[in-house]
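Quick notes on the structure that follows.
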Amino acid sequence: MAEAYDFRNVEPKWRERWELDATYRARSDGRPKSYVLEMLPYPSGDLHVGHAKNYSFGDAIARMMRMSGFDVLHPMGFDAFGLPAENAAISRGVDPASWTAENIANMQRQIRLMGTGYDWSREFATCFPDYYRWNQWLFLRLYERGLAYKREAPVNWCPHDKTVLANEQVVDGRCWRCEHLVERRNLSQWFLKITDYADRLLSNLDRLDGWPERTKTMQRNWIGRSEGVRFEFAVDGLDETIAVFTTRVDTAFGVTFLAIAPEHPVVARLKTIVPAARGDAVAAFAERISAKTELERTSLMHKEGVFTGAYAINPLSGARVPIYVTNYVVADYGTGAVMGVPAHDQRDSEFAKTYDLPVVTVVAPLDDASAPAGEAFTDDGRLFDSGKYDGMTSVRARAAMAADLEQRGTGHVTVTTRIRDWLVSRQRYWGTPIPIVYCDACGEVPVPDDALPVLLPPGAPLDGEGAPLSRMESFVNTTCPRCGGPARRETDTMDTFFESSWYYLRYLSPHDTVAPWERTDADTWMNVDQYIGGAEHTVLHLLYARFFYMFFHDCGWVTGSDEPFERLFHQGMVLSNGEKMSKSRGNVVGVDETASTYGVDAMRLFLLYVTPPEDTAEWTDEGISGRVRFLNRVWRACEPLFGRPHAGNGDLPAMSSDEDRALVRAVHIAAKSAVDETSSRRFHYNTTIAKLDELVNALTAAVRDRLDSPATAYAVHALPILLAPFAPHIAEELWERTGHGTSVHLERFLQPDDRALAVARIELVIQVNGKVRARISVAPDVTAEDALALAMEQQAVRSQLENGTLRKQIFVPGKLLNLVVG
RNA sequence: GGGGGAGUGGCGAAACGGCAGACGCAGCCGCCUCAAAAGCGGCCGAGGCAACUCAUGUGGGUUCGAGUCCCACCUUCCCUACCA
């Protein structure tokens with residue numbers, strides 16, 4: 001009775017060996033490099049098979065690259081600052097540092113359990129001072145260049161997490177993490193000037209050929225660049241102007257009101273020139289709207305407003321129009337004021353209808369097109385009732401009006417972006433302290449480089465009340481680095497997206513104590529050749545990281561491209577019972593349980609096999625059972641040849657039968673699939689594993705029927721190499737059992753050989769008018785003439801030809817012959 | 001409202017514009033077994049006795065030939081949104 005494949009002993013054995021031998025360490029040995037990176041994980045709880053899919057996939061790519069002759073950098077670390085640790089501290093009184101350390105230890109164990117080939121010598125966690133001191137160092141460099149600044153601004157405040165949030169972190173008006181409704185508050189906060197890079201963040205996208213189109217589109221939409229004209233309305237009876245931004249200056253003669261945001265600074269000034277009662281009504285309205293949450297303000301809101309009592313003068317038409325404070329104009333986009341054109345803007349139209357404001361049409365459709373009844377005509381057209389611009393098309397009028405405004409000094413062509421500066425302050429404990437000191441004499445003073453890191457002090461009061469660091473006198477009180485006098489430390493910490501915006505560089509010089517990374521190391525390893533991570537990071541992390549890298553590039557700290565990620569791949573998630581896995585649903589399939597029940601290789605194979613990597617997969621126990629069967633078949637097929645001398649130099653074996661040729665061909669078909677899927681960056685290893693299924697099916701028959709054939713031995717010796725990227729443990733065991741003393745993972749992958757892939761006879765498809773009527777067996781290089789002659793011998797073809805005469809023939813060599821009959 | 005995907009057997013899925021459904025799961029039949037499991041072998045879109053016909057969400061189009069390309073629509077998923 002054959003010995004069954006004993007994954008329970010084989011798998012741990014090899015994991016220990018790889019660790020001992022540092023099998024997966026990057027060598028820097030002069031071979032071409034490949035940097036394969038999976039997004040830095042947060043160390044939370046236990047890994048489930050969704051995580052496992054991500055690691056199996058990234059690992060397969062790294063292994064394929066390594067076996068293709070590349071010096072592969074495949075590192076792993078931990079994004080270890082953040083709220084879960086702090087919340088655990090608040091609710092259970094545990095220390096965030098030890099809570100995080102325990103989670104990291106468990107996660108390391110599970111990632112190793114999966115047999116992943118990481119270079120652990122480069123590992124770090126972002127919560128350790130030797131990492132976050134470089135956060136502070138980078139913050140100071142941004143500060144020096146005016147890219148980090150503090151200002152008072154209306155910000156997103158999460159009442160549950162008790163901290164501010166960046167715009168990107170507000171999802172549907174709710175906190176991206178805890179999903180509580182976000183409020184607006186005016187607070188003084190640290191920002192990073194990502195808007196300075198908006199144009200480049202946008203235009204570089206065109207060069208990112210290795211990025212998914214949808215990801216680039218989403219970033220474009222987020223940056224939200226729009227070109228238009230900014231010009232000023234004078235307030236009647238006040239030495240004040242209100243600037244508006246519009247992409248449709250051609251509709252300016254249709255302006256019948258001015259709409260401004262409740263937070264617009266001019267609101268207070270207007271109060272001085274209108275009756276007190278009106279001013280109070282405006283103030284009350286503004287206060288009511290401002291207090292609403294982001295969600296209440298933006299979703300399905302009815303357009304409301306109140307007349308301020310003041311009027312503004314349209315600089316183009318000279319018209320005097322009423323100024324309204326409205327809820328549909330947002331303060332922090334454009335100028336916070338909008339010219340109201342009910343005839344040609346749908347929102348203005350709705351507002352005008354509610355408040356009975358006049359509708360003045362000034363653009364006529366160019367053709368028969370017109371807006372549906374009751375809706376504004378928002379397309380370009382031809383102008384009328386627009387003074388000297390009458391008769392111009394919208395396009396010409398925009399240029400002419402912009403030029404006139406510019407000449408008069410009341411307006412200019414400009415670009416507005418939707419993206420805001422990145423708010424990086426957090427009123428929380430478990431993060432990088434912002435290295436700034438406030439001195440009564442010197443003001444805002446940066447902490448000098450040689451005083452870094454500003455250590456996160458242990459023992460902060462973690463009870464959910466207020467910013468923890470601000471309540472630690474021992475932390476707050478310090479001396480001014482400039483004058484030596486008493487000073488107070490900044491008590492905000494950094495958004496954790498700060499550290500994940502540059503971590504891929506730290507892997508290159510992980511133990512460096514004089515710089516976050518060495519430029520020579522960056523020259524060696526950057527860019528990241530293949531970046532792998534979830535699509536949920538499309539806007540947040542991937543935009544911030546690109547911004548940082550452009551900054552580093554401008555500083556000369558990295559050379560070459562100013563984009564860090566050459567190619568990007570979003571892997572799909574794993575569902576269980578049709579739903580996303582979560583503890584509350586009780587449908588989590590854990591890595592530990594799965595590994596001990598089925599084995600790691602079976603789990604990895606299933607996750608790569610069940611769907612293409614970018615698709616959402618559904619976990620099934622039946623599915624993984626199929627992969628367990630596959631591995632047992634592999635083992636049984638190879639076992640009879642254990643101990644026999646291996647095939648040697650890799651030449652093709654002697655093949656004395658069609659079965660032998662088919663078997664060797666199956667080996668090379670599988671090899672070709674793996675190589676093609678990797679080099680094309682399609683990574684559909686599900687099809688490669690299907691080819692391995694076919695190979696093992698053929699091999700099972702060969703071992704039964706032709707055990708002594710050289711082709712059978714050849715296939716058995718090729719199989720571990722083909723399996724290595726996908727099922728690393730069994731591959732290594734088979735490699736050893738078939739007489740090798742080295743690691744299969746450092747071998748060269750099998751190169752597909754055209755001689756092995758060639759076939760003696762092919763089936764040529766014979767079509768009549770595009771429908772298959774016969775299949776004939778011919779030599780692969782059969783000529784059109786010979787094929788036609790053979791086709792004519794087919795009864796099914798001849799009977800079709802009786803219906804008419806042969807008008808044309810399409811011959812695709814090696815594939816088909818299509819006879820067009822009419 | 002704007003943007004981007006996706007619709008193929010009972011299920012997951014394959015398919016450089018060229019044999020639709022590879023491979024796997026489930027199911028059915030056989031061999032093996034006292035029996036079961038495992039394993040091995042076979043069948044497995046629909047209709048028809050058959051030659052054949054019909055089948056990749058729906059309807060058009062391009063082509064010798066369309067799951068694949070183009071247009072419109074339906075369904076569905078994701079992202080985004082008073083952005084002026």
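In what follows, chains are A, B, ... by sequence order, proteins preceding strands, each numbered from 1.
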For the base of B:C82, is there a side-chain donor-acceptor partner from A:Lys303 under 3.5 Å away?
-> yes
Tell whether A:Asn818 reaches the base of B:C64 with its side chain through a donor-acceptor pair below 3.5 angstrom.
-> yes
What distance, rounded to whole Å, do you find between the two [atom1] atoms, one in [N] and one in [M]?
| N | M | atom1 | answer |
| --- | --- | --- | --- |
| B:A66 | B:G61 | C1' | 11 Å |
| B:G57 | B:C11 | P | 14 Å |
| B:C32 | B:G41 | P | 15 Å |
| B:A13 | B:A22 | P | 15 Å |
| B:U8 | B:A15 | P | 15 Å |
| B:U58 | B:U75 | C1' | 10 Å |

Under 4.0 Å, counting only non-hydrogen atoms across every strand here, what does [X] touch: a base, just sugar-phosphate, or nothing?
| X | result |
| --- | --- |
| A:Glu763 | base |
| A:Asn686 | sugar-phosphate |
| A:Gln767 | base |
| A:Asp345 | nothing |
| A:Tyr609 | base |

For nucleotides 40-54 of chain B, 5' to 3', base contacts (B), sugar-phosphate-only contacts (S) and non-contacts (-) with protein non-hydrogen atoms under 4.0 Å give SS-----------S-
Which range-with-range stems can be found for RNA chain B when each stem has 3 or more Watson-Crick or G-U pairs in a row and both distances sit under 3.5 Å?
-> B:1-7 with B:74-80, B:10-12 with B:23-25, B:27-31 with B:39-43, B:45-47 with B:52-54, B:57-61 with B:69-73
What nucleotide among B:C16, B:A84, B:A14 has an atom nearest to a side-chain atom of A:Lys815?
-> B:C16
